[in-house]
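Counting starts at 1 for both ligands and their atoms, following the listed order. Everything numeric here is computed off the predicted structure, so don't read it as measured data.
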Amino acid sequence: MRSTFFTKHAVAAALAALTAGAAQAEDVEVLHWWTSGGEAAALNVLKEDLESQGIGWTDMPVAGGGGEQAMTVLRARVTAGNAPTAVQGLGFDIIDWAKQGSLANLNDVAASEGWNDVIPAALQQFAKVGGEWVSAPVNVHSTNWVWANKAVLDDNDIEIPASWEDFVAALDKLKEAGVTPIAHGGQAWQEATVFDGVSMSVLGLDGYKSAFIDLNEDVLGGDAMKEAFDRMAVIRANVDDNFSGRDWNLATAMVINGEAGFQMMGDWAKGEFLNAGKVPGEDFVCFRFPGTSDQVTFNADQFMMFDQGGEVSAEQAALASAILSPSFQSAFNVVKGSVPARTDVSDEAFDACGKKGMADLAAAAASGNLVGSMAHGHANPAGIKNAIYDVVTAHFNGEYDSETAVMELVDAVSIAK
Ligand code: GAL
């Protein structure tokens with residue numbers, strides 16, 4: 001990894017030179033998968049922030065929630081010797097790229113701006129490799145959320161379910177009323193996202209950690225895991241016939257327009273509700289997946305700055321600095337549905353779900369109930385994550401019963417290890 005010479009003053013001087021036109025402003029090319037309405041609105045906050053500093057933006061969107069397609073395109077670009085300037089990345093993928101020596105070193109920006117003191121430790125695990133800062137955290141999402149259409153709940157006399165049994169009773173009521181109980185998009189990463197909350201609700205925090213972080217075979221193949229798969233089968237029985245292949249934001253739209261009651265999805269779903277002009281508490285409600293109200297399965301988006309064959313560039317340093325500025329952290333995350341990646345940002349500008357997200361994150365971090373999302377690459381590296389995806393998806397699509405699924409899970413993980 002290369003060291004950099006950019007101190008706070010150097011960054012400021014470079015920016016001043018760029019805005020004054022004394023130096024040729026280079027664009028930053030940003031590879032990301034934020035292509036839904038809500039995501040694009042959030043990305044605009046970042047584009048505009050940079051443009052106001054005289055830094056141009058070359059957009060490299062690769063559609064596909066969860067980012068698998070984006071990572072495939074990234075690998076091809078890096079192999080061709082043509083890495084983008086900045087790339088959205090998650091969890092263990094960031095660590096992998098850093099270990100391959102592909103990332104520019106952000107230590108000087110981090111040091112001059114005090115990142116060590118304000119970025120939560122859970123995020124630093126993935127933003128620092130071997131003590132060097134290699135990426136700039138943008139947000140903290142979490143996956144164990146449920147989104148519901150408030151009018152649909154009210155019309156059917158449904159209270160926010162506090163337990164799995166209440167949830168199942170609510171699903172039954174909706175089915176009876178001819179409303180699709182659960183909006184779901186049949187893609188492996190979405191099934192895995194649902195599985196984050198469902199497995200946490202059965203395994204508890206320790207069981208979730210043993211299974212997905214420690215890869216303990218007894219837990220992966222145990223009775224509680226079988227119960228988690230049984231619950232996935234109940235969820236499968238409550239989605240509509242056209243779920244296969246549907247994008248996550250189209251599933252969110254089904255809840256927004258009252259076609260479906262619930263969606264289990266990370267809080268990027270909130271960005272879609274907001275983008276449609278909906279208000280939490282009035283039009284929609286957010287709650288933690290029943291049985292996980294004290295836990296947070298987190299998924300933090302970060303931007304990795306790819307080494308362009310020298311020191312970190314002025315534009316890369318400016319982008320990293322802009323991403324971590326407290327005002328940007330508030331403005332961006334209000335729109336995105338996530339919460340700030342700094343502990344010192346006020347929740348004032350956030351809506352009720354955002355305030356809850358911030359409070360839940362702080363409480364979970366303090367009590368040790370904060371754990372990386374398996375579905376979004378914060379529990380284990382891509383090879384293991386994909387092995388788990390395959391089993392969860394095959395079970396969801398009826399290829400395995402729950403008993404077979406746990407056996408397959410043990411095998412798939414042991415082969416991928
Ligand atoms: C996640 C990402 C979120 C959101 C989601 C759907 O992996 O962390 O920011 O964009 O995919 O695209």
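Between Gln329 and the choices Pro137, Ser338, Pro340, the side-chain contact (heavy atoms from CB on, under 4.5 Å) rule is met once, by Pro340. Here the rule is ring pair (Phe, Tyr, Trp, His ring centres under 6.0 Å) with His376, and of Phe92, Trp268, Phe298 only Trp268 fits it.
Relative to atom 11 (O) of ligand 1, the option among Trp189, Trp34, Trp33 with the closest non-hydrogen atom is Trp33.
Protein heavy atom closest to atom 2 (C) of ligand 1, with residue, atom name and distance, is Asp301 OD1, 3.3 Å. Nearest protein neighbour of atom 7 (O) of ligand 1, counting heavy atoms only, is His376 ND1, 3.0 Å. Annotation: atom 4 (C) of ligand 1 to nearest protein heavy atom, Glu39 OE2, 3.3 Å.
With ring centers used as reference points, Phe229 lies under 6.0 Å from His395. Side-chain rings of Phe396 and His184 approach one another, their centers coming within less than 6.0 Å. The aromatic ring centres of Phe287 and Trp147 sit 6.0 Å or more apart.
The contact set between ligand 1 and Gly65, taken as ligand atoms under 4.0 Å from a residue heavy atom, comprises 6 (C), 12 (O). Ligand 1 places these atoms under 4.0 Å from at least one heavy atom of Asn299: 1 (C), 2 (C), 7 (O), 8 (O). For ligand 1 and Leu90, the ligand atoms under 4.0 Å from any heavy atom of the residue are 7 (O), 8 (O). The contact set between ligand 1 and His141, taken as ligand atoms under 4.0 Å from a residue heavy atom, comprises 3 (C), 9 (O).
Between the CE atom of Met265 and the CG atom of Asn249 there is a distance of 9.5 Å, given to the nearest 0.5 Å. Note that the CZ atom of Phe303 and the CG atom of Leu106 stand 13.0 Å from one another [nearest 0.5 Å].
For Gly66, the closest heavy-atom approach to ligand 1 falls below 4.0 Å.
Contacts of Ser142 classified as side chain to side chain contact (heavy atoms under 4.5 Å, CB included), with partners at least two apart in sequence or in another chain: Asn144, Trp145, Asp267, Arg288, Val296.
The proximity of Asn139 to ligand 1, defined as any non-hydrogen pair under 4.0 Å, does not occur for either the backbone or the side chain.
Between Lys336 and ligand 1, at least one N/O pair is under 3.5 Å apart.
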